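Let me begin by presenting the structure, written as structure tokens, before commenting on it.
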There are 2 protein chains.
Amino acid sequence: MHLPDKTVERLSQYRRNLLIILAKGKEFIFSHEIAQLLHITPVQVRRDIMLIGYNGTLRKGYDIKELIDLIGKIIDTDEGQNVCIMGLGNLGKAIMKYFSGKRPKLKIVAAFDTNQEKTGQLYAGIPVIHIDELKEKVRSMNISIGIITVPFDKAGETAEYLVAAEIKGILNFSSKPLNLPETIYLEEYDMVTSLEKVAYHTKRNKQ
Amino acid sequence: MHLPDKTVERLSQYRRNLLIILAKGKEFIFSHEIAQLLHITPVQVRRDIMLIGYNGTLRKGYDIKELIDLIGKIIDTDEGQNVCIMGLGNLGKAIMKYFSGKRPKLKIVAAFDTNQEKTGQLYAGIPVIHIDELKEKVRSMNISIGIITVPFDKAGETAEYLVAAEIKGILNFSSKPLNLPETIYLEEYDMVTSLEKVAYHTKRNKQ
DNA sequence: ATTTTATTGTTATCTTTATAACAAGAAATC
DNA sequence: GATTTCTTGTTATAAAGATAACAATAAAAT
């Protein structure tokens, strides 16, 4: 089954919001309720749900529990995937704490750094390991995803290490465009661009 | 002049990469060189540049300095815009340090928090102020952009404070969908969704 | 029992974004 | 000086994404 990129993004958001609603005791939800929550149209919600092959009930809506489980089957693997942080700087640390316990199927199991003063200890309960051990640890700890939080000028070589270690997917927080083989999925996450986008639109609103 | 959203994003990326190339002493650049750098097509580069009304030279390409300056005129204001961080947690701190000195036209000038143990001091040279003073400070410090880094369950009220303070644009790092008046530009930046997107594609590559 | 109402599922249309195609023209080569 | 080459600028086409329209139908109301 092929899903549009934007649908995958929204499925992630649906699930997170549905989990909160489920915890409040609600069992069923209408497309227009989900839509209002995320500020999108009900059609889009219904279309996304159609694409993953789920069926709601007329006049009752969607079974929240079932929908959450189905989204989980699409996004997550049964065993979950292990993730590593590349670079124990401010951003790396913030992300480690941010994700701590948040997504049981996506566990940050290690942080890698070149600085020997940082390695060999735990941070937020997660081992900080020297980058020389990356390849070995990716294999032994079954890590499939890497998050790059190192600065611009170190991002290139960090990516090369990850490629050599045969990682499967990368989330890149540095604004450096990476050169990767096609087999590795790359998601870019550029804070500067996001802020500049806000700046652009804010400027226009002011004028 | 109206620019497509995606073009604005790329302009930000063009500029950052061009600044580095300019610093290396290069004066002119071809569309296919920019394209290769960012892993996009040369047509797209040319089209974006066409849309902002810049003209290159045949067989010589684009004047890097001129292009950088023009992108600056589009994204930035002459005086620059002031930015504040909402929430001095791990993410807020990381972002403050990350942006420190990086974008002279987008200056983080204050961080706001509710915790009285955090307020009244400086962090990374930036004053940490109690949120009760938000409205007054937004006016007196001429802040137009707010970055929300508080957790999910605090994001709603934080946004309300920003709305009351008449902020112009918001960059939201919490995954909480915000309810804002149309006049405020909102950019969402959801790490969990990004990581889950990687997880989804990585899973597919594995199978 | 019939009619009305509300909601899903899906196709059709529109909008946005990206790519392809190519004319125009300057520089380089012959 | 004529021809070839290379690169821009722009229009035409294609692909992705969002919205509109509406049939189907179960539940509620009459």
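Residue numbers start from 1 in every chain, and the chains themselves are labelled A, B, ... in the order their sequence lines are given, proteins ahead of strands. Being a predicted model, the structure only gives us computed values, none of them experimental.
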In whole angstrom, what separates [X]'s [atom1] from [N]'s [atom2]?
{"X": "B/Asp48", "N": "D/dG9", "atom1": "CG", "atom2": "P", "answer": "12 Å"}
{"X": "B/Gln44", "N": "C/dA18", "atom1": "CD", "atom2": "P", "answer": "5 Å"}
{"X": "B/Asp63", "N": "D/dT7", "atom1": "CG", "atom2": "P", "answer": "17 Å"}
{"X": "B/Arg47", "N": "C/dA21", "atom1": "CZ", "atom2": "P", "answer": "16 Å"}
{"X": "A/His32", "N": "C/dT8", "atom1": "NE2", "atom2": "P", "answer": "7 Å"}
{"X": "B/Phe30", "N": "D/dT8", "atom1": "CZ", "atom2": "C1'", "answer": "10 Å"}
{"X": "B/Leu58", "N": "C/dA28", "atom1": "CG", "atom2": "P", "answer": "12 Å"}
{"X": "B/Arg46", "N": "C/dT19", "atom1": "CZ", "atom2": "P", "answer": "12 Å"}

With a 4.5 Å cut-off on side-chain heavy atoms, are [Y] and [X] touching?
{"X": "B/Ile167", "Y": "B/Ile184", "result": "yes"}
{"X": "A/Lys176", "Y": "A/Ile148", "result": "no"}
{"X": "B/Thr149", "Y": "B/Tyr189", "result": "no"}

Proximity to the side chain of [X] - top-ranked nucleotide from [options]:
{"X": "A/Val43", "options": "C/dT17, D/dA21, D/dA28", "result": "D/dA21"}
{"X": "A/Met50", "options": "C/dA28, D/dG17, C/dG9", "result": "C/dG9"}
{"X": "B/Tyr62", "options": "D/dT8, D/dT19, C/dT8", "result": "D/dT8"}
{"X": "B/Asp5", "options": "D/dT19, C/dT17, C/dT5", "result": "C/dT17"}

Could you tell me whether the phosphate oxygens of [N], OP1 or OP2, come under 4.0 Å of any side-chain nitrogen or oxygen in [X]?
{"X": "A/Arg10", "N": "D/dA18", "answer": "yes"}
{"X": "A/Ser31", "N": "C/dT8", "answer": "yes"}
{"X": "B/Asn55", "N": "D/dT8", "answer": "no"}

Using 4.0 Å as the upper bound for N to carboxylate O, is an ion pair formed by B/Asp5 and A/Lys197? yes

Regarding B/Asp69 and B/Lys73, does a basic nitrogen lie under 4.0 Å from an acidic carboxylate oxygen? no

Relative orientation of the end axes in the helix from C/dA1-D/dT30 to C/dC30-D/dG1, expressed as an angle to the nearest 10° (five pairs per end): 10°

Report the residue (B/Ile49 or A/Pro4) whose heavy-atom-nearest nucleotide on DNA chain D is the more 5′ of the two. B/Ile49

N/O donor-acceptor pair under 3.5 Å between B/Ser175 side chain and B/Asp190 backbone: no

B/Asp76 backbone acceptor or donor facing A/Lys203 side chain under 3.5 Å: yes

